Amino acid sequence: MKLAINTTSGVMLTDLDKLSAQYQGTISIGQKCKHVWNTVAIDDESVDPFQCQIIGVAGNMKLKNGQNRTECPKGLLSPKLVPCNGCTGRCVNVHAGRPTYYQHDPSTATLINGNPVGQWGTELQVGDELTFGSVTAVVIA
């Protein structure tokens, strides 16, 4: 599967199968930002830095709203400060020793074919139209 992302600077073609194999089945999609690394970085202010993730392998991928990360995505984790060093992220289990970092502005929509992504994610199919903020994309073969 590939993802054709329509940006103001043109169409950005991303090979989801290749990225899934390269990054152990987790593709992070978000705003191009100097503080946050995303597998697919979209240069558009309407996209949240922690917009969504595509989880799975070739032929069986699911789009999830927001991002779950096992390491601080901004590299700012401080055991004494929550939020850490001015970070606006929403993290859980920080003090339990196994933090999960999930950050996403709920006002920035992640949609498949005009519908919100399900709580547990939504399966991707060829032909699906995705929306990240005001950026659109299409899943192609």
Side-chain angles (χ1 to χ4, degrees), residues 1-79 81-141:
M1 275 196 252
K2 292 181 175 55
L3 189 61
I5 303 169
N6 300 309
T7 66
T8 54
S9 58
V11 176
M12 185 170 90
L13 191 60
T14 303
D15 188 334
L16 298 177
D17 296 334
K18 183 178 177 181
L19 289 175
S20 176
Q22 186 176 355
Y23 294 102
Q24 292 79 40
T26 302
I27 303 167
S28 299
I29 299 175
Q31 183 184 104
K32 186 176 183 178
C33 175
K34 67 179 181 177
H35 300 293
V36 180
W37 183 86
N38 280 299
T39 315
V40 179
I42 301 172
D43 194 10
D44 190 294
E45 291 293 319
S46 72
V47 177
D48 190 86
F50 305 95
Q51 186 73 40
C52 60
Q53 285 182 320
I54 295 176
I55 310 292
V57 294
N60 187 19
M61 294 185 177
K62 184 185 290 192
L63 179 69
K64 295 180 72 178
N65 196 24
Q67 296 181 7
N68 294 323
R69 298 183 181 216
T70 56
E71 295 180 11
C72 177
K74 292 191 174 187
L76 302 173
L77 183 61
S78 166
L81 301 172
V82 176
C84 307
N85 299 327
C87 177
T88 58
R90 296 173 297 280
C91 304
V92 295
N93 297 328
V94 172
H95 298 297
R98 300 193 72 188
T100 299
Y101 308 93
Y102 64 101
Q103 303 188 13
H104 175 68
D105 182 352
S107 67
T108 307
T110 301
L111 308 172
I112 293 184
N113 300 321
N115 299 311
V117 174
Q119 179 181 3
W120 304 110
T122 303
E123 292 289 327
L124 286 179
Q125 304 294 324
V126 172
D128 282 345
E129 294 180 12
L130 312 181
T131 304
F132 314 120
S134 65
V135 174
T136 60
V138 177
V139 178
I140 56 178

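Starting from 1, each residue takes its place in the sequence as its number. This is a predicted model, so every value here is computed, not measured.
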Inset, instruction - Begin from the C-alpha positions of T110 and L63 and carry the test side-chain contact (heavy atoms from CB on, under 4.5 Å) through to its verdict. - result: CA-CA 9 Å; T110 301; L63 179 69; 3.9 Å; yes
Any [X] side-chain heavy atom under 4.5 Å of [Y] side chain:
| X | Y | value |
| --- | --- | --- |
| M61 | S20 | yes |
| L130 | V138 | no |
| E129 | T136 | no |

Where do [X] and [Y] come nearest, in terms of heavy atoms and distance?
| X | Y | value |
| --- | --- | --- |
| T14 | L19 | CG2-CD1, 3.2 Å |
| N65 | V117 | N-CG1, 3.9 Å |
| S28 | Q53 | OG-NE2, 3.3 Å |
| G30 | V47 | C-CG1, 3.7 Å |
| M1 | L124 | CE-O, 3.9 Å |
| K64 | I55 | CD-CG1, 3.6 Å |

Legend entry - I5 side, atom CD1; D43 side, atom CG - distance, nearest 0.5 Å: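 So the CD1 of I5 and the CG of D43 are separated by 12.0 Å.
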Inset, instruction - To the nearest 0.5 Å, tell me how far L16 CG sits from K2 NZ. - result: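 If I round to the nearest 0.5 Å, the distance is 9.0 Å.
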Legend entry - ring pair (Phe, Tyr, Trp, His ring centres under 6.0 Å) contacts touching residues 116-141 (sequence neighbours left out):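 Every candidate ring pair (Phe, Tyr, Trp, His ring centres under 6.0 Å) pair involving residues 116-141 fails, so no pair, neighbours aside, qualifies.
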Inset, instruction - Using the side-chain contact (heavy atoms from CB on, under 4.5 Å) rule, take N38 and I29 through it: C-alpha gap first, then chi angles, then the decisive distance, then the call. - result: CA-CA 6 Å; N38 280 299; I29 299 175; 5.9 Å; no
Legend entry - Given M12, K32, Q51, the one that forms side-chain contact (heavy atoms from CB on, under 4.5 Å) with I42: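 Only one of M12, K32, Q51 forms a side-chain contact (heavy atoms from CB on, under 4.5 Å) with I42, namely M12.
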Inset, instruction - Measure centre to centre between the rings of W37 and Y23, then say whether the value is under 6.0 Å. - result: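 Aromatic pair counts; centres sit under 6.0 Å.
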Inset, instruction - List for me each residue that meets side-chain hydrogen bond (donor to acceptor under 3.5 Å, both in side chains) alongside D17, sequence neighbours excluded, and say none if there are none. - result: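 So D17 forms no side-chain hydrogen bond (donor to acceptor under 3.5 Å, both in side chains) with any residue.
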Inset, instruction - Decide if atom CD of Q22 counts as having more than 12 heavy atoms of other residues, nucleotides or ligands within a radius under 6.0 Å. - result: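 Atom CD in Q22 is packed in, count exceeds 12.
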Legend entry - Main-chain N/O of V57 paired with N60 side-chain donor or acceptor, under 3.5 Å: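 Between the backbone of V57 and the side chain of N60 there is no qualifying donor-acceptor contact (under 3.5 Å).
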Inset, instruction - Check the pair T122 / N115 against side-chain contact (heavy atoms from CB on, under 4.5 Å), numbers first and verdict last. - result: CA-CA 10 Å; T122 303; N115 299 311; over 6 Å; no
Inset, instruction - For the pair T26 and I54, evaluate side-chain contact (heavy atoms from CB on, under 4.5 Å) and give the outcome as yes or no after the intermediate values. - result: CA-CA 6 Å; T26 302; I54 295 176; over 6 Å; no
